Amino acid sequence: MNVLLITQNYPPNKGGMAVSCDRLVRNFKRNGITVHVVHFTNRKKKFNTDTVVKGTYSAVPIESSEEFTLSLASEFIQQLPFLDSLTHIGVFGGNLPLNIGPILSKWIQKPLITFIRGNDFDEGIFSKKRNHLLYALENSRYIFTVTKEKREKIDSLVSHSNTYFTQNGINVDLWKPAKSHLKTIEGLKQSFNSKIPIAFVGQLKAKKGVINFVETFARFPHKNDYVLCLIGDLDEETKTHILNLDINVQFYAFANQNELISFYNAVGIVAIPSFYDGMPNVLLEAAATKNIVIGANVGGIKDVISTKEDGFLFNPLQANELLDILLQIHKMSPSEKEEMCNALYHKIKTNYTEELEISNYINILKS
């Protein structure tokens, strides 16, 4: 197999989408598949292609208008020297790939793979660019989603039945703390001043439901026993709003994996209160580091968590459900918390490995 993968989410971009795209490319290559990445990016001002192991990386600059960006990109891609050897075109995240992918698929006569993750569908389907999304879905040979819910929704919109649920994967061994992490972990624990930390991790945008969570948390009778740790990108308006609430809170800059290992191993609870989501990497990372997960009952979160068995699910629009969960956790004994954390850890270690993730894709594509 020889795949041209068009994306807006790839390192050095930050966030879960870039992490997932990088993991997908890396594991395709490990399984003998050549991958040519075309990355729409505002970090580069010129078109550029570099040869890398098992493929190439092409930077495509984002111009002042979408139409200009896509027109230039289509000319650039059609002049790439390896098009005849391609077996598939893939699009991963963002409106630009979804827009250009199905057109190029027809022009160079290669089947289209559409990877649906989260916002690309949840927000795309209700935006003015809905037709771009629907056209890509309708003209895809394969559609891969990371939630069962999205697979069902997509199948109700398209005339073919080539939509597949393929969960994210993680290597839990990469999230174990090394000796070099221990001092940082201990320092973080001391900074919590004997309060129980609840962490939020990533790009903390509006759809992530952080404001709703902290506003509800401010009504929790035992809030003074806890400290909320917000680790990631947060706009100043939201930060100011949170600081005006009567709660204990600490803010941290966006962290890379090495830094996150320390954070995850210093806290005990991770909250993912998204209004809608795919299967967030934070969920698997929190599980790999044996944290209790409080997750919204949406998307891929509810595909993973069995509520009250290995985590907690709540309706993010129902404040009382969250308050009830917080009270349940507050009353749990240390042994009950440990049992719940271990249950989720073993589920992830067994059923959500990188090997299972990539084999799901490859088995379908080669069938």
Side-chain angles (χ1 to χ4, degrees), residues 14-17 118-119 122-123 126 184-256 259-260 262-277 280-283 285-286 289 291-299 301 311-332 337:
K14 297 189 295 185
M17 291 277 282
N119 284 355
D122 293 320
E123 295 184 357
F126 294 111
T184 303
I185 292 169
E186 187 57 34
L188 284 167
K189 288 181 177 180
Q190 290 179 9
S191 73
F192 302 145
N193 296 318
S194 300
K195 299 186 183 302
I196 303 167
I198 301 176
F200 304 77
V201 179
Q203 293 179 312
L204 305 176
K205 299 172 285 190
K207 75 127 184 171
K208 294 297 185 179
V210 174
I211 290 180
N212 267 36
F213 187 104
V214 296
E215 288 179 341
T216 300
F217 180 80
R219 296 163 43 199
F220 182 46
H222 304 284
K223 63 183 179 181
N224 290 331
D225 293 336
Y226 294 80
V227 56
L228 303 186
C229 303
L230 282 75
I231 307 157
D233 291 340
L234 193 69
D235 65 80
E236 287 302 317
E237 183 179 354
T238 301
K239 185 175 180 179
T240 300
H241 178 70
I242 292 173
L243 285 170
N244 287 331
L245 296 172
D246 184 22
I247 57 174
N248 302 308
V249 61
Q250 296 182 16
F251 298 96
Y252 303 88
F254 197 95
N256 59 33
E259 295 164 332
L260 282 177
S262 296
F263 279 112
Y264 281 128
N265 284 280
V267 301
I269 304 169
V270 174
I272 312 172
S274 307
F275 292 118
Y276 45 90
D277 217 322
N281 292 314
V282 171
L283 170 60
E285 292 162 6
T289 47
N291 281 276
I292 288 178
V293 173
I294 304 173
N297 191 21
V298 300
I301 303 172
F312 292 93
L313 295 174
F314 73 99
N315 184 333
L317 297 176
Q318 298 292 332
N320 287 339
E321 287 190 19
L322 175 55
L323 288 171
D324 181 60
I325 285 171
L326 290 170
L327 188 59
Q328 289 181 56
I329 293 174
H330 187 73
K331 292 180 177 179
M332 291 174 73
K337 291 179 180 178

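Just so it is clear, the structure is predicted and the values come from calculations on it, not from any experiment.
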Legend entry - With Gln250 via side chain to side chain donor-acceptor pair (under 3.5 Å) - residues at least two apart: Tyr252
Inset, instruction - For Glu321 and Phe314, indicate whether the former's side chain and the latter's backbone hold a donor-acceptor pair under 3.5 Å. - result: no
Legend entry - From Phe220 atom CZ to Leu323 atom CG, the distance as rounded to the nearest 0.5 Å: 7.5 Å
Inset, instruction - Could you go through the side-chain contact (heavy atoms from CB on, under 4.5 Å) check for Leu245 and Val214 one step at a time? - result: CA-CA 8 Å; Leu245 296 172; Val214 296; 3.8 Å; yes
Legend entry - Partners passing side chain to side chain donor-acceptor pair (under 3.5 Å) against Asn320 (at least two apart in sequence or in another chain): none
Inset, instruction - Write down the atom of Pro280, the atom of Ile272, and the distance for their closest heavy-atom approach. - result: CG-CG2, 4.1 Å
Inset, instruction - Could you tell me which non-hydrogen atom of Leu313 sits nearest to which non-hydrogen atom of Ala296, and how far apart they are? - result: CD2-O, 3.8 Å
Inset, instruction - State which residues pass side-chain contact (heavy atoms from CB on, under 4.5 Å) with Phe275; sequence neighbours excluded, sorted by chain then number. - result: Asn212, Pro316, Leu317
Legend entry - Nearest-0.5 Å distance that lies between atom CD1 in Ile294 and atom CD1 in Ile325: 7.0 Å
Inset, instruction - Might you point out which heavy atoms bring Gly295 and Ile301 nearest each other, and give the distance in Å? - result: CA-CG2, 4.0 Å
Legend entry - Candidates Leu228, Ile231, Leu230 - the one meeting side chain to side chain contact (heavy atoms under 4.5 Å, CB included) with Phe251: Leu230
Inset, instruction - List for me each residue that meets side-chain contact (heavy atoms from CB on, under 4.5 Å) alongside Lys207, sequence neighbours excluded, and say none if there are none. - result: Asn119, Glu123, Tyr276, Asp277
Inset, instruction - Give the intermediate values and the outcome of side-chain contact (heavy atoms from CB on, under 4.5 Å) for residues Glu259 and Phe254. - result: CA-CA 9 Å; Glu259 295 164 332; Phe254 197 95; over 6 Å; no
Inset, instruction - Quick one: pull up CG in Leu234 and NZ in Lys205 and give me the separation to the nearest 0.5 Å. - result: 12.5 Å
Inset, instruction - May I ask you to decide if the ring planes of Phe217 and Phe213 are parallel, tilted or perpendicular, using 30° and 60° as cut-offs? - result: parallel
Inset, instruction - State which residues pass ring pair (Phe, Tyr, Trp, His ring centres under 6.0 Å) with Phe312; sequence neighbours excluded, sorted by chain then number. - result: none
Inset, instruction - Tell me, please, which residues at least two apart from Asp246 pass side-chain contact (heavy atoms from CB on, under 4.5 Å). - result: Lys223
Inset, instruction - Mind checking side-chain contact (heavy atoms from CB on, under 4.5 Å) for His241 and listing every partner two or more places apart, or none if nothing turns up? - result: Ile211, Glu215
Inset, instruction - To the nearest 0.5 Å, tell me how far Met17 CE sits from Asn281 CG. - result: 10.5 Å
Could you list the donor-acceptor pairs under 3.5 angstrom formed between side-chain atoms of residues 187-200 and any protein atom two or more places apart in sequence or on another chain?
unit_1: Ser191; atom_1: OG; unit_2: Leu188; atom_2: O; d: 2.6
unit_1: Lys195; atom_1: NZ; unit_2: Asn224; atom_2: O; d: 2.9

Inset, instruction - List in chain and number order the residues that pass side chain to side chain donor-acceptor pair (under 3.5 Å) with Gln318, two or more places apart in sequence or in another chain; answer none if no residue qualifies. - result: none
Inset, instruction - Answer whether the closest heavy-atom distance between the side chains of Ile247 and Ile242 falls below 4.5 Å. - result: yes
Inset, instruction - Mark yes or no for whether Asn291, through its side chain, and Tyr264, through its backbone, hold a donor-acceptor pair below 3.5 Å. - result: yes
Legend entry - Residue pair Thr289 / Glu285: nearest heavy atoms and the distance that separates them: OG1-O, 2.8 Å
Inset, instruction - Starting at CD1 of Ile329, measure out to CG of Asp324 and round the result to the nearest 0.5 Å. - result: 10.0 Å
Legend entry - Of all pairs that satisfy salt bridge (Lys or Arg N to Asp or Glu O under 4.0 Å), the ones with a partner from residues 229-243, not counting sequence neighbours: Lys14-Asp233
Legend entry - Inter-residue atom distance Leu326.CG - Thr216.OG1, 0.5 Å rounding: 8.5 Å
